[in-house]
Amino acid sequence: MTSCPHRSELERLQPPKLSQSVHREECTQCFDNQDGDVGVDVCLLCFNGACRDPVRHHASIHVSRSGHSFTLNIKRTPKSKPPSRGDQEPPTKMTKLAIMQEREEDKWEHHTSLKCWKCDPVEGKEILASVDTVKRLTDGVMQSLSSARQSEVQAWEEEITPCEHTLTARTLTSNLWLCLTCGALGCGRYQYGGTGGNGHALEHFTSTQHPVCVKLGTITPEGGADIYCYACNDARIDPELPTHLATFGINVASQKKSEKSMTELQIEQNLAFDFSLTAEDGSALRPVFGPGLTGLRNLGNSCYMASVLQALFSLTQFQQRYYGGASSGTVSNGVFERAAAHWETCSQSLPADCLECQMLKVADGLLSGRYSKPHVESPPSGGLAHSTPEHTPWQTGLKPAGFKALVGKGHAEFATMRQQDAEEFLGHLLTVLRRFNHQVNSDAAEPTEAFAFGLEQRLQCLSCRRVRYRVDNMDILSFGVPAQELPADTGLVGEIITHNARDRADELTRPKYAPVTLMQCLGVLLGVTGQEELEYQCEGGCGKVSAVRLLQFSTFPDILVLHAKKFQLKNWVPTKLDIPIILPPGDELVLDAFLGQGLQPDEEQLPESSSGPSSSSLPQLNEEALEQLEGMGFPLVRCQKALLATQNQDVESAMEWLFSHMDDPGTPGLDTNMAPEPSSDQIAMLADMGFTHAQARKALIETDGNPERAVEWLFNHPDDTGEIAPSSNTLIQKKPVPGSSRLPARYRLKAFISHKGPSVHSGHYVAHIRLPPTQLGDGMDVEENDEWVLFNDEKVVVADKTSVDELKKLAYMYIFERI
């Protein structure tokens with residue numbers, strides 16, 4: 001380590017601001033992290049984290065592309081655990097009872113060094129600098145919130161909003177739980193964060209109706225704190241907290257945070273969630289390691305994302321697009337050639353902001369096998385140390401925090417840390433990837449097209465017998481599951497095998513449902529057996545008549561995703577029903593009978609509407625019910641369709657219809673020109689992406705005002721100028737329907753995602769994936785285990801055959817490969 005001739009440039013650098021993300025935990029282009037042998041180099045200008053891997057060269061690539069010359073190398077090693085005491089030495093006498101927080105500095109030792117890349121453009125040269133400069137820059141990087149933790153906390157805090165009680169409180173204050181109206185101090189409820197408490201703050205609210213309190217120990221000099229409103233029964237923020245606290249003589253600027261906030265406690269609780277990993281006989285399932293067998297650590301309610309990612313990257317289309325393969329000649333020295341080329345030419349200044357970089361990073365992490373290793377904890381130190389008891393050598397697991405933050409950015413749900421629906425996330429991710437690849441005009445194969453297919457809708461007027469055909473592009477086929485509740489004394493049918501008393505007691509009290517085959521479920525939606533009669537305004541002059549709608553496949557996808565909608569509306573809340581679905585023998589599905597034929601020679605088409613509907617031709621809807629449904633957040637057109645389909649009965653009937661038709665490609669009875677005029681905000685949002693005002697308006701009208709679908713519509717109609725002809729059904733030149741109509745349409749189950757919990761927005765998701773025997777290694781009894789592997793966050797195990805057979809019946813999503 002020597003002095004550097006560029007020290008003057010180094011001394012002018014500034015530590016990171018509070019708003020800046022510091023990527024000090026791991027490389028932004030791969031999952032090499034600060035725990036590795038060479039650590040991570042953090043750029044001292046943009047605070048990007050890059051590895052020093054001799055093959056990938058991410059640190060030197062960043063330096064050459066950005067021109068930033070100084071980095072801080074960070075390495076982290078675990079501290080040795082203190083030795084356990086022998087029997088001859090009594091424990092130290094306890095003099096004070098306290099709950100101590102395990103701090104990072106108690107578990108890890110950090111080693112840092114400054115490097116100048118002007119002195120050594122290949123490896124970076126470790127340099128000496130003044131003590132003040134070293135301390136200022138090092139402390140700034142090490143004491144800032146890491147990018148991963150910053151995104152987690154922000155995602156939780158985005159959900160907290162002000163209320164009228166925090167905005168109008170006259171006298172407010174903070175610590176323990178301090179009433180901001182009168183200054184009374186009381187303890188919180190026990191269940192918050194798992195900490196102790198007797199609920200005295202709640203009792204104070206009950207007796208005085210003083211609603212707002214602040215948790216002492218969470219107040220920061222910036223005016224942040226945990227605020228709770230008992231009247232709203234929810235966490236809130238107080239924009240005037242410093243003023244309110246000043247009433248009690250509390251100076252916010254002098255406060256120091258001394259306790260974990262509710263956000264931090266909730267994150268820790270979510271990370272501690274566990275799931276049983278035992279076979280039918282109670283034995284532990286066998287962990288596996290290697291390429292394609294890498295776990296993903298739970299970031300706190302991120303199991304829905306982990307299950308979807310594991311399933312996607314088990315597919316050939318995603319593997320070839322983002323990782324390549326030695327057999328195809330696209331990998332050189334362990335590096336995907338397309339990835340290496342993209343690293344050199346990426347248009348984003350930071351890889352953390354580039355979707356292509358993050359997808360390549362996830363693919364390398366999951367498929368390379370470099371991170372799929374048993375995690376071994378350091379043994380205690382000292383002569384009297386005892387060996388630790390044997391335990392299952394789980395993987396550490398990768399933390400895709402950067403990927404989650406980027407994909408969820410700007411989304412009302414996926415930007416948060418709440419549990420989400422795995423099916424909704426899959427649809428969102430496919431849309432984001434498709435949009436990105438259209439924007440960059442990538443010449444690489446588009447893996448999302450493997451999911452795309454055409455769904456044909458045939459509408460026939462029962463009066464004039466004329467027909468109309470429409471084909472919608474789809475990625476996921478959602479189907480309802482017939483529910484037939486069994487008598488209470490019926491034995492367990494198709495239930496998940498559990499091994500603890502609480503789960504068994506829950507099984508005994510839950511309703512049981514008769515099994516139904518997958519083909520029966522599809523028959524309820526598709527083909528002649530799935531025909532639906534509905535009320536319809538015939539364009540042929542028949543007036544208000546009945547029509548029959550029939551859905552068929554227009555084309556078949558390479559990858560078929562089936563989403564089982566097993567819900568029932570109970571007290572206005574969709575509740576999951578555990579209805580067993582029996583798959584065909586060998587998990588093979590044949591869909592030839594569901595292929596549509598399009599317009600036949602003996603069929604006559606309905607005429608196109610010559611003009612928009614007049615007010616007299618519009619169906620008369622229940623205005624009161626319509627207002628209530630809109631108030632619940634449903635789009636106007638969907639509300640109109642629901643009321644029309646239920647003959648204006650009541651709000652509850654319309655709600656049932658809405659939940660059972662959430663994923664319908666479209667429902668006739670209301671023409672697209674009945675869609676309301678898009679809001680100026682929605683049009684402006686699309687215009688900011690580079691589309692014209694006319695294009696944005698037409699896209700929103702064509703997609704019922706759904707911005708995400710509107711963006712996809714725009715990319716599917718790049719030549720559309722946005723002009724709307726007088727006819728609402730103006731023919732628009734469309735791209736060819738994706739998928740293939742060739743027969744036979746045979747599929748084999750590749751993966752399925754299961755969910756445990758009362759609602760898809762709570763509980764836990766896991767993925768089961770069928771892998772080839774060679775991937776599991778020669779020592780695995782893959783024939784008996786049917787080649788199924790369970791991915792449960794960071795735990796990857798060979799699945800128990802009996803459990804797989806039962807879990808397949810209750811799966812939430814099925815992913816089939818065409819064979």
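Since the structure is predicted, the reported quantities are computational estimates derived from the model, not experimental observations.
- Side chains of Leu518 and Phe479 form a contact here, defined as non-hydrogen atoms less than 4.5 Å apart.
- A distance of 8.5 Å separates CG of Leu526 from CG of Leu591, quoted to the nearest 0.5 Å.
- Considering CD of Glu449 and CG of Leu430, their distance stands at 9.5 Å, rounded to 0.5 Å.
- The backbone N or O of Leu293 sits less than 3.5 Å from a side-chain atom of Ser372, completing a donor-acceptor pair.
- Annotation: side chain to side chain donor-acceptor pair (under 3.5 Å) contacts of Ser554 (sequence neighbours excluded): none.
- Summarising the geometry, atom CZ belonging to Arg434 is positioned 9.0 Å from atom CZ belonging to Phe451; distances are rounded to the nearest 0.5 Å.
- Residues passing the salt bridge (Lys or Arg N to Asp or Glu O under 4.0 Å) test with Glu817: none are found, sequence neighbours excluded.
- Counting heavy atoms from C-beta on, the side chains of Met305 and Phe403 come closer than 4.5 Å.
- Using a 4.5 Å heavy-atom threshold, the side chains of Leu525 and Lys565 count as separate.
- Considering every non-hydrogen atom in both Gly454 and Val737, the closest pair reads CA-CG1, 3.6 Å.
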Can you check side chain to side chain contact (heavy atoms under 4.5 Å, CB included) on Val407 and Phe425, steps first, answer last? CA-CA 10 Å; Val407 170; Phe425 178 74; 4.1 Å; yes
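- Not a single side chain to side chain donor-acceptor pair (under 3.5 Å) links Glu794 to another residue, sequence neighbours left out.
- The neighbour count for Gln484 CD, taken as heavy atoms of other residues, nucleotides or ligands under 6.0 Å away, does not exceed 12.
- Applying the side chain to side chain donor-acceptor pair (under 3.5 Å) rule to Glu588 yields the partners Arg746; only residues at least two apart in sequence or on another chain are considered.
- When each of Trp788, Tyr814, Phe752 is paired with His768, the ring-ring contact (aromatic ring centres under 6.0 Å, His included) condition holds for Phe752 and for no other.
- Ring-plane geometry between Tyr812 and His755 is classed as tilted, the angle between the planes lying from 30 to 60 degrees on a 0 to 90 degree scale.
- Residues satisfying the side-chain contact (heavy atoms from CB on, under 4.5 Å) test with Leu462, not counting sequence neighbours, are Arg465, Glu533, Ser546, Val548.
- In terms of modelled atom types and a separation under 3.5 Å, the side chain of Ser314 and the main chain of Ala311 share a donor-acceptor contact.
- Applying the side-chain contact (heavy atoms from CB on, under 4.5 Å) criterion to Thr517, with sequence neighbours excluded, gives Met519, Gln520, Ile582.
- In terms of heavy atoms, Cys303 sits closest to Gly763 at SG-O, 4.3 Å.
- The minimum heavy-atom distance linking Gly523 with Thr529 is given by the pair O-OG1, 2.6 Å.
- Residues satisfying the side-chain contact (heavy atoms from CB on, under 4.5 Å) criterion with Asp558, sequence neighbours excluded, are Gln317, Ala450.
- Between Asp587 and the options Arg748, Arg770, Lys750, a side-chain hydrogen bond (donor to acceptor under 3.5 Å, both in side chains) holds for only Arg770.
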Begin with the C-alpha distance, continue with both residues' side-chain angles, and end with the deciding distance and a verdict on side chain to side chain contact (heavy atoms under 4.5 Å, CB included) for Glu424 and Tyr304. CA-CA 10 Å; Glu424 291 178 2; Tyr304 69 92; over 6 Å; no
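- Between Phe816 and Leu749, the shortest heavy-atom distance links the atoms CD2-N, 3.4 Å.
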Given the rule in the side chain to side chain contact (heavy atoms under 4.5 Å, CB included) test, do Leu551 and Gln457 qualify, once you have shown the distances and angles that lead to the verdict? CA-CA 5 Å; Leu551 296 178; Gln457 177 179 270; 3.8 Å; yes
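- Residues passing the side chain to side chain donor-acceptor pair (under 3.5 Å) test with Ser740, sequence neighbours excluded: none.
- Residues passing the ring pair (Phe, Tyr, Trp, His ring centres under 6.0 Å) test with Phe313, sequence neighbours excluded: Phe318.
- In this structure, the separation between CZ on Arg418 and CG on Asn301 is 10.0 Å, given to the nearest 0.5 Å.
- Not one N or O on the side chain of Asp592 forms a donor-acceptor pair closer than 3.5 Å with the backbone of Pro744.
- A 4.5 Å side-chain heavy-atom check between Val796 and Thr294 finds every atom pair outside the cut-off.
- For Arg818, the salt bridge (Lys or Arg N to Asp or Glu O under 4.0 Å) criterion is met by no residue, not counting sequence neighbours.
- A salt bridge links Arg549 with Glu532; the closest basic N to acidic carboxylate O contact falls under 4.0 Å.
- Across all non-hydrogen atoms, the minimal contact from Val308 to Ala422 is CG2-O, 3.6 Å.
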Could you go step by step and tell me if Leu477 and Leu522 meet the side chain to side chain contact (heavy atoms under 4.5 Å, CB included) rule? CA-CA 9 Å; Leu477 184 66; Leu522 294 177; 4.1 Å; yes
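- For Phe453, the ring pair (Phe, Tyr, Trp, His ring centres under 6.0 Å) partners two or more places apart in sequence, or in a different chain, are Phe553.
- Using a 4.5 Å heavy-atom cutoff, the side chains of Leu771 and Glu787 are not in contact.
- Under the 4.5 Å side-chain criterion, counting only non-hydrogen atoms from C-beta, Val481 is not in contact with Leu577.
- The side-chain contact (heavy atoms from CB on, under 4.5 Å) search around Val432 returns Leu355, His428, not counting sequence neighbours.
- Rounding to the nearest 0.5 angstrom, the gap separating the NZ atom in Lys756 from the NZ atom in Lys576 is 10.0 Å.
- A 4.5 Å side-chain heavy-atom check between His764 and Asn298 finds at least one atom pair inside the cut-off.
- Separating the CD1 atom in Ile753 from the NE2 atom in His563 is a distance of 10.5 Å, to the nearest 0.5 Å.
- Heavy-atom minimum distance, Gly408 versus Ala415: O-CB, 3.1 Å.
- In this structure the side chain of Leu790 never reaches within 4.5 angstrom of the side chain of Leu807, judged on heavy atoms.
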